[in-house]
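So you know, we letter chains A, B, ... as the sequences are listed, proteins then strands, and number each from 1. Because the structure is predicted, anything quoted here is derived from the model rather than measured. Note: hydrogens, waters and symmetry copies are ignored here, and every other heavy atom, side chains too, is used.
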Amino acid sequence: MPELPEVRTVAVFLNNKVANLSILNTECFFEKMIWRNEVNEFKKEVSNQKILRVLNYGKYLMFEFKDWMMISHLRMEGKWSVSPKEIDIYNKNHLRLQFELSNGEYLKYYDSRKFGTIEIWEKDDYLELSGMNKLGPEPLNSKPSFKYLKDKATNSNSLIKAFVLDQSVLCGIGNIYANEILFAANIHPERITKSLTDKEIIKIIKASNKILERAIALKGTSIHSYKSGNGEVGQFQHELKVHLRRDEECFVCGSKIVKKQVAGRGTYFCKICQH
DNA sequence: ATTGAAGCCTGTCCGC
DNA sequence: TGCGGACAGGCTTCAA
């Protein structure tokens with residue numbers, strides 16, 4: 001479900017709602033979602049901890065405590081909300097985890113497909129333990145550098161679609177934005193990555209910055225089930241150029257947008273504009 | 001070391 | 001209306 005712009009929107013929302021509140025009690029209704037930690041240990045570590053702030057890196061949502069970092073990955077369907085105990089913003093059947101907060105409200109996690117995960121590590125070495133130290137830069141604020149992306153692309157035999165989805169290359173791009181970025185950069189998703197020219201690498205950097213920053217400004221893309229905290233919908237779906245537009249006319253050249261599986265993911269592109 | 005495919009789960013949509 | 005199959009915004013693990 002959510003990619004960098006959606007997770008950023010959720011992080012900003014949650015930070016406004018729960019920063020400086022403490023967790024009084026924890027209930028987990030689907031233990032497998034507690035990842036790489038033992039459930040009782042997890043509960044012990046978050047109990048009576050004050051949430052200092054909520055932030056994100058790429059698709060990873062992070063709750064910072066004094067000594068711990070709690071990392072939530074929403075995968076396809078994960079959703080957070082803050083509400084009174086008896087009120088559910090999302091389908092109550094999908095409630096997987098809830099924290100009682102010191103102001104009497106509840107911080108709740110819902111996940112229909114049970115793909116999402118949550119884990120907790122000591123702050124000192126959470127990057128190594130969680131594997132987040134392997135993530136590439138967020139494609140924002142003129143990052144990555146040309147040299148960085150060129151080095152990553154030079155010897156890669158993977159398809160470009162897979163390359164831009166690789167979180168160790170660029171962090172935070174998912175299928176929707178990958179489709180949109182490659183369209184904006186006029187690059188065919190089935191090209192081999194090492195065939196990228198310098199000019200095309202620069203185009204990927206510029207397109208990824210522009211698209212993700214615009215999507216953040218619009219609070220993300222709302223299609224299928226995605227809503228940010230407490231049911232707010234994003235607006236970037238109105239600016240999609242190729243994603244979900246199978247057989248519709250390309251806004252640039254008028255030919256039909258193609259959909260096919262590339263690198264295992266539903267891929268939309270214009271075979272005239274992208275080459 | 002890379003790359004591709006399967007697996008994790010459930011809900012929704014489409015065609016018969 | 002009911003049923004089966006395809007598909008969904010992601011990641012990890014396993015096999016080649």
Undergrad: Can you name the residues that form a side-chain hydrogen bond (donor to acceptor under 3.5 Å, both in side chains) with A:Ser156, not counting sequence neighbours?
TA: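 Counting only residues at least two positions away or on another chain, A:Ser156 forms a side-chain hydrogen bond (donor to acceptor under 3.5 Å, both in side chains) with A:Ser158.
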Undergrad: How does DNA chain B look in dot-bracket form if you count Watson-Crick and G-U pairs under 3.5 Å, write [ ] for pairs that cross, and put | where a base pairs with another strand?
TA: .|||||||.|||||||
Undergrad: Are A:Phe63 and A:Trp80 close enough, and set up right, to give a ring pair (Phe, Tyr, Trp, His ring centres under 6.0 Å), and what steps lead you there?
TA: CA-CA 12 Å; A:Phe63 296 79; A:Trp80 286 95; 5.0 Å; yes
Undergrad: Has A:Lys43 got more than 12 heavy atoms of other residues, nucleotides or ligands less than 6.0 Å from its NZ?
TA: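 For A:Lys43, atom NZ is crowded (more than 12 foreign heavy atoms under 6.0 Å).
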Undergrad: Could you pull out the closest heavy-atom pair between A:Cys28 and A:Met33, with the gap in Å?
TA: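 Distance-wise, the nearest heavy atoms are SG-CG, 4.4 Å.
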Undergrad: Just the table, please: protein N/O against nucleotides 1-4 of chain B N/O, every pair under 3.5 Å.
TA:
from	atom 1	to	atom 2	distance (Å)
B:dT3	OP1	A:Asn157	N	2.6
B:dT3	OP1	A:Ser158	N	3.3

Undergrad: Quick one: which residue pairs count as a salt bridge (charged side-chain N to carboxylate O under 4.0 Å, His left out) with a foot in residues 93-104 of chain A, not counting sequence neighbours?
TA: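 Of all non-adjacent pairs touching residues 93-104 of chain A, none passes salt bridge (charged side-chain N to carboxylate O under 4.0 Å, His left out).
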Undergrad: Under 3.5 Å, which N/O atoms of the protein pair with N/O atoms of nucleotides 11-15 of chain C?
TA:
from	atom 1	to	atom 2	distance (Å)
C:dC11	OP1	A:His73	NE2	2.9
C:dC11	OP2	A:Lys59	NZ	2.8

Undergrad: Quick one: list whatever passes side chain to side chain contact (heavy atoms under 4.5 Å, CB included) with A:Arg245, sequence neighbours left out.
TA: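 With sequence neighbours excluded, A:Arg245 shows a side chain to side chain contact (heavy atoms under 4.5 Å, CB included) to A:Glu248, A:Phe251, A:Ile257, given in chain and number order.
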Undergrad: Cut-off 3.5 Å, side chains only: do A:Asn179 and A:Lys161 have a donor facing an acceptor?
TA: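 Present: a donor and an acceptor within the cut-off.
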Undergrad: Scan side-chain atoms only and decide if A:Tyr90 and A:Ser112 contain a donor-acceptor pair under the 3.5 Å cut-off.
TA: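 No donor-acceptor contact under 3.5 Å links the two side chains.
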Undergrad: Mind checking if A:Gln237 touches a base, just sugar-phosphate, or nothing, with heavy atoms under 4.0 Å?
TA: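 Touches nothing.
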Undergrad: Does A:Lys256 have more than 12 heavy atoms from other residues, nucleotides or ligands lying within 6.0 Å of its NZ?
TA: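 No, because the 6.0 Å sphere around NZ of A:Lys256 holds 12 heavy atoms or fewer from other groups.
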